[in-house]
Amino acid sequence: MRWSNLLIPTLKETPQDAEIISHQLMLRAGLIRRLGSGLYTYMPLGVRALRKVQAIVREEMDRAGAQEVLMPVMHPKEIWEKSGRYEGLKNVMFRVKDRQDREMVLGPTHEEIITDLVSREITSYKQFPCNFYQIQSKFRDEIRPRFGLMRCKEFIMKDAYSFDVSSEAADVSYQKMYDAYVRIFKRCGLHAMAVDADTGDMGGSSSHEFMIPCDAGEDAILEADDGSYAANLERAEGICDLPMVFAGAELALAAVETPAVGKIEDVAKLLEIETRQLVKTLIYVSDEKPVAVLLPGNRDVNEIKLNKVLPGAELADPEVIREVTGAEVGFAGPVGLDIPVIVDRSLKGLKGGVIGANETDKHLKNFDLERDCGITEFVDVALAYAGDLAPNGKGRLVEKRGVEVGHVFKLGTKYSEALGANFLDENGKSHPAVMGCYGIGVSRTLQAVIEQSNDKFGIIWPISVAPFELLITVLSPKDENCMQKALDIKTILEAQGVDVLLDDRQERPGFKFKDADLLGLPLRLTIGERGLAKGEVELKARTDKDFEAIPLDQAVVKTFEKITAMREAL
RNA sequence: CGGAGAGUAACUCAGUCUGGUAGAGUGCCUGCUUUGGGAGCAGGACGUCGCAGGUUCGAAUCCUGUCUCUCCGACCA
């Protein structure tokens, strides 16, 4: 392909509304243009890179035994009502009406649609296992689209759905997808990590997210420093290993005056103790009943974890707190409280703690959890922190940020039951299929590649997803000899299956080199009059500091060798 | 939705406080020169100052409303 035949609108200046480097570079290199918030056009170069990612995804999904299908983007609302997600996802779904005033939704995901299909077509145990996937635009009314392709209202996703006869068989399907994901991201040149994740709206029993570590990532990850554990912050379990025994452990409960001091930090300061010696007593309301939640003073509630113990729990209003504790906000404590108490496991063995006295301006010290409350049951409802021990008790947790590019779920039978995807076993007995679902944000993956691979001059494409593999820069396109040599090389390499972009623009060399670095194609072959006079052309990888002069008659061979080596490295 | 900021040429931005002929750089077009890391000179085209009202002799500028975009929080591939 010739540059002059492609719209590649490179920008010298950084567009104002791009915050992170990958977004800036996608705009500057002319890969995408914005239509509206969270809506982007893929320019010719962007489409080429996107197709490369898609090709890798297809190859690996096919290899893993998944079958490609293509489902409608637009769905009748009734099918979403069957699973209950018409309500559950009502804030993310775009809704439209047809001329009959029938309500439709634009698909944010396709569990319901594929399960409906399978319920009709897959009816015998002999047809299992099976796995269907598609690559398609998804629509989500995101609260806040961000960072170019990172979070869009319309984005391209690969979604796959597996169906099995048992949960053991489903585990095998899950593992196959997990392994395929590892290969996909590796082939895209990405350093992805799999982390334990929450299942969120999707439901199901367990899931892993595939994260690309980078500072611009929207998710927080906690990883054990020995690599034995990694989880999304919202899911992570941390063990605080410091003994919760403080001065005054053996003494009886005693009141201390804390006038107008209700905040953890202020109480700790006044009493000259650590914040973790204090017990944070939070009053939640779940199912219209108040419940107390206890944590060390230096920890916060993980609302996702709490919701599993206390469905729909929300922090109580001040009036409720006053009613329940008989004190102003800030002086709640577990002793003498007449409501259920949930205790985070990090409080296990607490002696010598300080609690609210359920009396305004007073706290109680020398608190012993078991002695004074008789509490012996603990749950995990706290946010894990960097510095905690990993759940296996070995590594220490370190915080990272990451971009979620893929997510695999074990769904169980939630959707198959709701939509009647049952099959008959050997004995003619009916069972719901056991499902898994697997998503890759294809467009997001593309941007993640750039976020992870760039320098101050521009993008550095891994060859597997680069819009072109080779850039031939013709320094003097007017010179017939130069142009002819370049075209000859291009023709041969293209015949050998190399994606070649020929910069035939009538521009000064410096201008073309800057654009070349910005585009970041993995290999550049420079052909100029000066070199040709010596019978030489120049070869330079995007990551090389300097070019290598090679004889003209070896240009094709050497270039092909390099391309081959680059391909094989991924 | 809450908080913060921004809408002026294709892009980056000045001008707004203090109302008085709409600007710069980049890009684009033409010509000449130049040609190995975003060239120089000369000439040229491009604007409903986001939109709608209002105040005023006069509004990019002041007032009111409204829309859009970006960033920070809750959602997710």
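All values derive from a computational prediction rather than experimental measurement. Below, read A as the first sequence line, B as the second, and so on, with proteins coming before strands; counting in each chain starts at 1.
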Would you call Glu142(A)-Lys153(A) a salt bridge at under 4.0 Å N-O?
no

Please work out if [X] contacts a base, only the sugar-phosphate, or nothing of the nucleic acid, heavy-atom cut-off 4.0 Å.
| X | result |
| --- | --- |
| Arg34(A) | sugar-phosphate |
| Leu518(A) | base |
| Asp219(A) | base |

Side chains of Thr14(A) and Gln24(A): is there a donor and an acceptor less than 3.5 Å apart?
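Side chains of Thr14(A) and Gln24(A): no pair found under 3.5 Å.
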
Would the distance check show the side chain of Asn454(A) and the main-chain N or O of Ile450(A) forming a donor-acceptor pair, the cut-off being under 3.5 Å?
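Yes.
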
Rounded to whole angstrom, note down the [atom1] distance from [N] over to [M].
| N | M | atom1 | answer |
| --- | --- | --- | --- |
| C51(B) | C11(B) | P | 15 Å |
| A4(B) | G15(B) | P | 23 Å |
| G53(B) | U18(B) | P | 26 Å |
| A42(B) | G47(B) | P | 24 Å |
| A60(B) | C13(B) | C1' | 15 Å |
| C63(B) | C72(B) | P | 29 Å |
| U66(B) | C1(B) | P | 12 Å |
| U56(B) | U64(B) | C1' | 16 Å |

Angle between ring planes, Trp80(A) versus His75(A), binned at 30° and 60°: parallel, tilted or perpendicular?
parallel

Chain A contact limits on RNA chain B, taken 5' to 3' with a cut-off of 4.0 angstrom to heavy atoms:
A6(B) to A77(B)

Determine whether the aromatic ring centres of Tyr178(A) and His208(A) lie less than 6.0 Å apart.
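Yes - the distance between ring centres of Tyr178(A) and His208(A) falls below the 6.0 Å cut-off.
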
Kindly state whether the ring of Phe210(A) and the ring of Tyr181(A) have centres lying under 6.0 angstrom apart.
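Yes, the ring of Phe210(A) comes within the 6.0 Å limit of the ring of Tyr181(A), centre to centre.
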
Heavy atoms, side chains only, cut-off 4.5 Å: are Gln67(A) and Asn131(A) in contact?
no

